[in-house]
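Both counts, for ligands and for their atoms, begin at 1 and track the order of listing.
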Amino acid sequence: MGSVNAGLQESIAGVREVQAFNREEESIDQFKRTNAANRDANVRAASFTSALNPVLEALGYVALGLVVVVGGLSVLRNEPLLGTEIISLGTVFAFLQYIQRFNQPITQIAVLWANIQSAVAGGERIFGLLDTEIEIEDQPNAKVMPQIQGRVEFDHVQAGYKSDQPVLKGVDFVAETGQMVAIVGPTGAGKTTIINLIPRFYDVMDGVVRIDGIDVRTVTQESLRQQIGIVLQDTFLFSDTVMNNIRYGRLGATDEEVIAAAKVVAADTFIERLPESYQTVLGERGSGLSQGQRQLIAIARVALMNPRILILDEATSSVDTRTERLIQKAFEQILKGRTSFVIAHRLSTIRNANLVMMLKDGEIIERGTHQSLLEKRGAYYDLYMSQFRREEEPEPSANGSSTETVAK
Ligand SMILES: Nc1ncnc2c1ncn2[C@@H]1O[C@H](COP(=O)(O)OP(=O)(O)O)[C@@H](O)[C@H]1O
Ligand SMILES: [Mg+2]
């Protein structure tokens with residue numbers, strides 16, 4: 001049943017991919033296969049239980065027959081039973097009763113057996129889940145993270161997802177309070193892995209991540225994450241109203257504060273055009289909105305949260321360049337004196353960063369300001385030439401232009 005449900009859930013959730021690649025037949029075939037396997041297992045279980053019942057019943061009658069014949073003959077002939085002692089008719093009757101009493105529970109267990117088996121199988125899955133080890137746990141003596149100022153330090157950090165394959169191989173940098181740090185590099189270089197370590201979604205294998213000089217492993221996760229705002233690559237919205245989705249950033253916020261936050265990140269224009277404005281109920285995972293609109297809501301959420309450290313992981317990749325610039329202006333206001341980490345593919349975002357880090361295969365191969373890295377004519381320069389230059393061509397001046405194309 002588990003495989004049938006999992007397969008079904010996957011093909012329904014991925015229905016667009018199935019259609020786009022014309023894989024309906026395969027999906028149906030696969031469903032038929034798992035379904036047939038489920039049916040076969042059920043048939044086997046049913047045959048087993050149905051066969052067991054008559055067998056047990058037959059055995060019961062054989063036992064009855066033996067008692068009647070052996071006991072009956074012994075009484076009739078007045079001979080000791082099996083060479084022990086002479087028995088009365090009453091004893092034979094008593095034994096007939098005992099046999100029935102003895103048989104009844106055995107037959108019942110046989111009937112229950114199938115149920116017990118499926119309960120054990122289900123229990124195995126549930127206990128497997130319950131027994132999953134928690135990877136990140138507060139230390140027993142974890143302290144509460146004091147009000148974060150914003151100095152983030154990576155001290156020779158090695159990290160990864162499998163113990164024998166470090167993704168980050170010795171990452172070392174300091175982001176001073178109030179700085180904006182941009183991380184660039186090819187896909188799979190480890191950009192997301194770096195930012196996952198700041199709110200301690202994962203632990204380092206070696207080295208230390210410190211915020212304001214405090215090792216993030218020594219404080220409670222709650223007090224740490226409360227002060228860090230994150231917008232991830234794939235945003236997640238709940239099937240609730242737009243208002244409540246933004247309020248998720250700070251549950252106590254009033255409607256006015258939610259609307260103000262949406263205004264700050266330029267999300268209010270599209271929200272007001274929704275059928276029921278802020279009260280519009282979104283579908284599962286935010287369906288009914290474009291990818292860019294979902295990102296705007298997720299960004300409004302962190303704007304409402306007003307964090308000490310902000311992390312944007314390709315958070316503006318699906319909004320147009322003009323909106324992106326509005327969002328950045330807004331964050332410049334919100335984040336005055338706070339620290340931000342931005343992973344982005346657009347030059348307009350990176351150019352203003354205090355520190356640009358070029359990551360490759362889990363190592364920082366270049367760092368500096370946009371300008372100093374260009375002058376260096378190294379890897380960043382090459383990336384810039386191949387990826388970013390198109391953005392600047394329409395208007396090479398520093399303030400960029402609305403005709404910027406999306407470089408991806
Ligand atoms: N949850 C995970 N489990 C195992 N490996 C992962 C996981 N997430 C990322 N990786 C691996 O870590 C490397 C870096 O990934 P990531 O930091 O997401 O790259 P980027 O964000 O720069 O594109 C990739 O090679 C990827 O395969
Ligand atoms: Mg990433």
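Between Lys360 and Glu366, none of the side-chain N atoms (NZ, or NE/NH1/NH2) sits under 4.0 Å from a carboxylate O, so this pair counts as no salt bridge.
Distance screen at 4.0 Å: atom 7 (C) of ligand 1 has a protein heavy-atom neighbour inside the cut-off. For atom 12 (O) of ligand 1, a protein heavy-atom neighbour is present inside the 4.0 Å cut-off.
Looking at ligand 1, you won't find any N or O of Thr187 less than 3.5 Å from one of its N or O atoms. The N/O atoms of Lys162, backbone and side chain alike, include none that comes under 3.5 Å of an N/O atom in ligand 1. The shortest N or O to N or O distance between Gly190 and ligand 1 is below 3.5 Å.
Taking 2.8 Å as the criterion, Thr192 counts as a coordinating residue of the Mg ion (ligand 2), since one of its N, O or S atoms falls below it.
Looking from atom 9 (C) of ligand 1 to the surrounding protein, the closest heavy atom is Tyr161 CE1, 3.3 Å. If you check which protein heavy atom lies closest to atom 25 (O) of ligand 1, you get Gly188 O, 3.9 Å. Considering only non-hydrogen protein atoms, atom 21 (O) of ligand 1 sits nearest to Thr192 OG1, 2.7 Å. Atom 16 (P) of ligand 1 has its closest protein heavy atom at Thr193 OG1, 3.6 Å.
Screening residues 127-139 for side chain to side chain donor-acceptor pair (under 3.5 Å), with sequence neighbours left out, gives Asp138-Gln221.
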Inset, instruction - Before giving the answer on ring pair (Phe, Tyr, Trp, His ring centres under 6.0 Å), spell out for Phe238 and Phe236 the whole-Å C-alpha distance, their side-chain angles and the decisive distance to 0.1 Å. - result: CA-CA 7 Å; Phe238 300 95; Phe236 192 97; 5.2 Å; yes

Inset, instruction - Could you walk me through whether Gln19 and Arg16 pass side chain to side chain donor-acceptor pair (under 3.5 Å), step by step? - result: CA-CA 5 Å; Gln19 290 173 334; Arg16 280 284 170 272; 2.8 Å; yes

Legend entry - Test log, rule side chain to side chain donor-acceptor pair (under 3.5 Å), inputs Arg301 and Asn245: CA-CA 7 Å; Arg301 202 185 255 171; Asn245 263 294; 3.1 Å; yes

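Contact record, Arg217 with Arg200: CG-NE, 3.6 Å, taken as the closest heavy-atom pair. The nearest pair of heavy atoms linking Leu373 to Tyr380 is CB-CD2, 3.4 Å.
Shown are Ile343, Asp313, Val184; of these, the side-chain contact (heavy atoms from CB on, under 4.5 Å) with Lys191 is made only by Ile343.
No heavy atom of Gly185 sits closer than 4.0 Å to any atom of ligand 1.
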